[in-house]
Amino acid sequence: MEPQEEIVISGYVEGIIFRNAENGYSVLDVSCEGKLITAVGNLACVDPGEALRLQGQWVHHPTFGAQFKVSGFERQLPKSAADMLRYLSGGTIKGIGPATAQKIVDRFVAQTFEVLENDPESLAQIKGISREKAASICEDFRKQFAVREIMIYLEKYGMTPSECLSAYKTLGSNVVERVTENPYCLCNRHIGISFERADEIASSLDFPVNPVFRERAGVVHIITHNLLNGHTCLPREKIISPACALLSIDETEAERIIDELIADKELVEQEIDGRAFLFLPYMYLAEKKIADRIRVMLKFPPPKGRPIEADIDLIEQAQGIQFEEKQRKAILMAVEKGLLVLTGGPGTGKTTTLNGILSLYEKRNLKVLLAAPTGRAAKRMSDVTGREAKTLHRLLEAIVKDNDRNAFARNMENPLKCDAVIVDELSMVDVQLFCGLLDALPLGCRLIMVGDSDQLPPVGAGNVLQDIIASELLPVVALTQVFRQAMESLIVTNAHRIVKGEFPVLNRTDKDFFFLQRDTAASTAATVTALCVERLPKAYGYDPKNDVQVVCPSRKGESGTVSLNRQLQQLLNPPSPDKEELVSGGRTFRVGDKVMQTKNNYDIIWTKGKQSGEGIFNGDIGTILTVNPNNKTMKIFFDDRMAYYPFENVKELDLAYAVTVHKSQGCEFEAVILPVSAMPPQLCYRNLLYTAVTRAKNRIILVGNQAVVRQMVDNDKKTRRYSALRYFLTQEEDA
């Protein structure tokens, strides 16, 4: 059954089939219009007998069949004696069964709930209910409704039901008192409230909050914010100045707050090369765990088989190829060592080497799993290997556990069932995702990590590929020979020139790499839009939405993604009476628009043929097929999946006619248009240009100023990332 548009139904909870106490996910039997249906979703604190108004859509579970997937709900207070009897008979309140419930409702009718909450003396007048039992019943009734009151209290500050439940689970039953005293206790990664939102809550209270609470949360906020810039840790001295500015305190006070946070284990301090670094505890543990797990894998390698040189010869004969020396070395190491990092730029034979490794693994009857960080990277991996590849999130079976967005069903207790895992585009994998992968590998499993070390680091925190290579702890094979066939591509040759710091060839018009000189940002933008909308489709038959991708160094400016997306949307998908649209935050999304998901969302439902599942992830690109303003949903086709998208999540979408270089990682497009007009100095560097160029499969056009290209090529200063993985990997070895 294909998921339907969102609808609203009403019914009574007949029973709880399943409930996850950690995140509130529930499976309920609900009586609706005389039929018993199954409702699933975040239905925390809903009890048998309650009357609910449910908003959601029908989905088909491959095992359990039709289910109503709930996106939101409202409790409907019992309005009649029959409703009260139904609720009390459900067994939710200890000491009240169907017979006792009937007596209570018969006696108190409309005043039933008021008596249960406030008047145990009156309740004790019913035959069979002692004073002690009446007091116990009333106490349990108040507990049942305490969580409801907590959620009502927190929701007035704009917190979602999921955030309210996370706050209750994290902070306990006295959460209201704790939040009233210290709103900054909500700045907890398991709850997900930002420092700015906590500030707003604090300012809305009727009395001032102790400034110490704000100061401690502010220091943690600075480190948390820098995770978004890719740092897993920060030098202690670099936190002092921003802390003083944010909190209006002096350096001595900032140092004192940091020391208190370390003493209370809210921060971890680690000396690295004579310098003190500060971590959030979970990020410290992730990098430390990666290093420890890798050392275990090295200590317990997979069993060695028979010699494989002859097998490689047979592959060469069967496929009519001859492996270059480093390719052969990589294939040997992949089988003999079990752990391998394979790097190389375009045209150096990574795919050929990868297929050689796969052939040998399969010849030995090894079960191999293939994965990549994004859907597009996984699809490309499938295309070049002829084997199924999954995103890492799907391989590890990502789940939501409170607000922990890196929880996986596959872990050390429930490892993957395989003999080898090959991961492509490792340069995109952040610390927490890589930690999750290592945690899910069975002992003795082979791990082949493939990536281009000259590309940009991941969007998330950490620098896994670079740190592993720099540690010199694992075998690394760097493919450097560009094969003759690849050399015929100017994209390939220019990419290698850029990496070497050489100026690319820009004056050829007979190849796949073109440059158009434009002296202003406005003329650059005009040329980019003309190329995308008219010139490339006319010259090469390209579909401007599916084949052509504008990739920009920056979001800002006339040749940035924000401005170009607005222009390209107007040209490629203008408003029309027959196209529904949604306006949100000053942005318009309409039927036919090309969009990109900008953060992981594990709750969005999708279907793929007869399969269904949940989860759309950062970097997924799709097309809006329907916009339904009545039930506030969209259908978006992401690559090979149909997603059913609530309006409330539209803040996670961007138009994708133009995307940033960072967001294009892991993708390959038929044709790329790259504006290189005036840019902020921090974006003029070599591996950003290299990453953009290598997104193009068959054609790239640079539009802008040669001086900007020169500036980018000459600047080999990679964006500095503070991380500790290299230190942790080498620490034990040196000890």
Donor-acceptor list for residues 95-102 side chains, cut-off 3.5 Å, not counting sequence neighbours:
{"residue": "Gln102", "atom": "NE2", "partner": "Asp106", "partner atom": "OD1", "Å": "3.0"}
{"residue": "Gln102", "atom": "NE2", "partner": "Asp106", "partner atom": "OD2", "Å": "3.4"}

4.5 Å side-chain heavy-atom contact, [X] and [Y]:
| X | Y | result |
| --- | --- | --- |
| Ile223 | Leu267 | yes |
| Asp29 | Val13 | no |
| Met634 | Val650 | yes |
| Phe68 | Ile7 | yes |
| Pro183 | Leu205 | yes |
| Met596 | Leu653 | no |

Under-4.0 Å salt bridge between Asp654 and Arg587: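 Counted as a salt bridge, because a side-chain N and a carboxylate O are separated by less than 4.0 Å.
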Pair Glu260 + Arg216, salt bridge at N-O below 4.0 Å: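 Looking at Glu260 and Arg216, the cut-off is met.
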Residues, nucleotides or ligands: over 12 heavy atoms within 6.0 Å of Glu33 CD: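 No.
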How far apart are the closest heavy atoms of [X] and [Y], and which atoms are they?
| X | Y | result |
| --- | --- | --- |
| Cys138 | Asp119 | SG-C, 4.4 Å |
| Cys32 | Ile37 | CB-CD1, 4.3 Å |
| Ala286 | Cys435 | O-SG, 3.9 Å |
| Ala202 | Tyr184 | CB-OH, 3.7 Å |

Ring geometry between His393 and Phe617 (parallel below 30°, tilted from 30 to 60°, perpendicular above 60°):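 It falls in the parallel class, under 30°.
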Using a 3.5 Å distance criterion without hydrogens, assess whether the side chain of [X] forms a donor-acceptor pair with backbone atoms of [Y].
| X | Y | result |
| --- | --- | --- |
| Asp593 | Val595 | no |
| Asp430 | Pro458 | no |
| Thr626 | Lys635 | yes |
| Thr170 | Ala167 | no |

So, [X] versus [Y]: side-chain donor-acceptor pair below 3.5 Å or not?
| X | Y | value |
| --- | --- | --- |
| Glu287 | Thr232 | yes |
| Asn174 | Arg178 | no |
| Tyr645 | Gln597 | yes |

Set of residues satisfying side chain to side chain contact (heavy atoms under 4.5 Å, CB included) with respect to Leu246, sequence neighbours excluded: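 Testing Leu246 for side chain to side chain contact (heavy atoms under 4.5 Å, CB included), a comparison that skips the adjacent residues, returns Phe195, His221, Ile222.
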Partners meeting side-chain hydrogen bond (donor to acceptor under 3.5 Å, both in side chains) with Arg293 (sequence neighbours left out):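 Partners of Arg293 under the side-chain hydrogen bond (donor to acceptor under 3.5 Å, both in side chains) test: none.
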Worked verdict on Phe18 versus Ser26 for side-chain contact (heavy atoms from CB on, under 4.5 Å): CA-CA 5 Å; Phe18 168 80; Ser26 305; over 6 Å; no
